[in-house]
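Below is one structure, written out as structure tokens; the observations come after it.
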Amino acid sequence: MTDSLLVDRTDAVATLTLNRPDAMNSFTVDLKEALRDTLAQLESDRSVRAIVLAGAGGAFSAGQDLREHATLLESGSTDLNTVQVHYNPIAQRLASMPKPVIAAVRGMAAGAGASLSLLADFRIGGPSTKFLMAFANVALAGDSGISWSLPRIVGHAKAVELLLLAQPVKAEEAYRIGLLTRLAEDDEQVLPAAQELAARLAAGPTVAYGAIKRELSIGDAGTLSDALAAEAQAQSICGGTEDHKAAVTAFLNKQKPVFNGR
């Protein structure tokens with residue numbers, strides 16, 4: 001395993017830390033492959049019930065490592081297959097992860113760093129947090145799911161503004177328009193707050209959480225009939241879980257339910 005991605009497991013929470021602080025945690029091939037493969041492993045790991053994504057040092061991620069990218073361009077590689085090979089699978093895993101994902105967005109989240117953070121279910125930031133949809137600044141279109149996630153969060157018109165003008169969005173504005181779910185008073189609180197939220201969610205009915213996420217992904221883009229069908233399927237699955245039976249029993253006995261994610 002590469003040291004560009006740190007993986008820490010505390011109880012049922014896995015914290016993934018992008019670990020290239022000297023380069024603002026920008027994405028090299030090594031880091032992208034590590035993140036892609038680790039997310040695939042965690043998706044099927046039932047002992048992990050919530051995931052935190054963070055960056056080492058003072059930034060979340062500056063996006064693609066342009067030094068490595070420049071070397072590839074000089075070699076004549078201009079097809080940007082890293083989108084299909086790396087960024088798309090990472091984005092798909094984050095968006096469809098059947099367990100809660102929390103992004104601890106401390107400092108700058110730019111380009112693909114911003115895109116991937118927006119695919120988390122919750123984003124917690126601090127005073128230093130900034131988002132920069134930087135793609136147009138280097139004459140590129142958006143990637144890593146930004147054309148899907150950003151309009152859903154801020155609306156179409158604001159997404160056009162953020163992507164075309166490509167100017168930084170500071171923490172308070174990011175919180176106001178929904179790029180951040182929560183704004184901590186101090187940068188040092190960002191990661192602990194994200195891990196605290198992850199621990200709380202990990203103790204919840206995680207099968208139901210995954211079902212709710214699937215319902216929303218269908219309901220956002222589908223018809224009412226699509227949504228109703230998805231809800232019926234989800235309730236059929238959730239209704240047969242141990243967590244549902246435990247919750248009903250606890251309610252009838254006026255007790256607090258204990259969930260096991262099964």
Which residue, L150, I146, L132, forms the side-chain contact (heavy atoms from CB on, under 4.5 Å) with L162?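 Of L150, I146, L132, side-chain contact (heavy atoms from CB on, under 4.5 Å) with L162 is met by L150 alone.
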
Separation of [Y] [atom2] from [X] [atom1] (nearest 0.5 Å):
X    : Y    : atom1 : atom2 : value
N88  : R36  : CG    : CZ    : 11.5 Å
Q92  : L39  : CD    : CG    : 12.0 Å
T241 : N260 : OG1   : CG    : 10.5 Å
S4   : F27  : OG    : CZ    : 10.0 Å
M133 : S115 : CE    : OG    : 7.5 Å
L201 : I102 : CG    : CD1   : 5.0 Å

Walk me through whether L18 and L53 qualify under side-chain contact (heavy atoms from CB on, under 4.5 Å). CA-CA 8 Å; L18 310 175; L53 183 61; 4.3 Å; yes

Holding to salt bridge (Lys or Arg N to Asp or Glu O under 4.0 Å), I want the full list of residues that pass it with D143, two or more places apart in sequence or in another chain.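 Not a single residue meets the salt bridge (Lys or Arg N to Asp or Glu O under 4.0 Å) criterion with D143.
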
Less than 4.5 Å apart, side chain to side chain, heavy atoms only: is that true for [X] and [Y]?
X    : Y    : result
L16  : L42  : yes
P98  : K213 : no
V29  : T82  : no
L31  : T28  : yes
V248 : K245 : no

Taking atom [atom1] of [X] as the centre, report whether more than 12 heavy atoms of other residues, nucleotides or ligands fall under 6.0 Å from it.
X    : atom1 : answer
E196 : CD    : no
R200 : CZ    : no
K130 : NZ    : no
D11  : CG    : no
Q255 : CD    : yes

Run T129 and V169 through side-chain contact (heavy atoms from CB on, under 4.5 Å) and show every step you take. CA-CA 9 Å; T129 298; V169 181; over 6 Å; no

Does [X] share a hydrophobic cluster with [Y], counting links as ILVMFWY side-chain heavy atoms below 4.5 Å and allowing steps through other members?
X    : Y    : answer
V154 : Y175 : yes
F122 : L180 : no
F131 : L116 : yes
V13  : I51  : no
V101 : L191 : no

I need the minimum non-hydrogen distance between [X] and [Y], along with the two atoms involved.
X    : Y    : value
A59  : N25  : O-ND2, 2.8 Å
F259 : A247 : CE2-CB, 3.8 Å
A104 : V52  : CB-CG1, 4.4 Å
P100 : D121 : CA-OD2, 3.4 Å
A211 : C238 : CB-SG, 3.7 Å
F60  : S117 : CE2-CB, 3.7 Å

Has [X] got a side-chain atom pairing as donor or acceptor with [Y]'s backbone, closer than 3.5 angstrom?
X    : Y    : result
R123 : G178 : yes
K99  : T206 : no
N19  : A56  : no
R20  : S26  : yes
R49  : G204 : yes

Hydrogens and angles aside, do T10 and Q195 bring a side-chain donor and acceptor to less than 3.5 Å of each other?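 Their side chains do not contain a donor-acceptor pair, so the 3.5 Å distance test is not met.
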
Any side-chain donor paired with an acceptor under 3.5 Å for R106 and S128?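 No.
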
Output yes when D45 and R9 qualify as a salt bridge under the 4.0 Å nitrogen-oxygen rule, no when they do not.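 Yes.
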
Are R176 and E173 close enough for a salt bridge, meaning some N to O gap below 4.0 Å?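 Yes, R176 and E173 are salt-bridged.
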
So V85 and K32, side-chain contact (heavy atoms from CB on, under 4.5 Å) or not? Walk me through it. CA-CA 9 Å; V85 174; K32 287 179 283 192; over 6 Å; no

Are Q64 and V138 close enough, and set up right, to give a side-chain contact (heavy atoms from CB on, under 4.5 Å), and what steps lead you there? CA-CA 11 Å; Q64 174 64 40; V138 288; over 6 Å; no

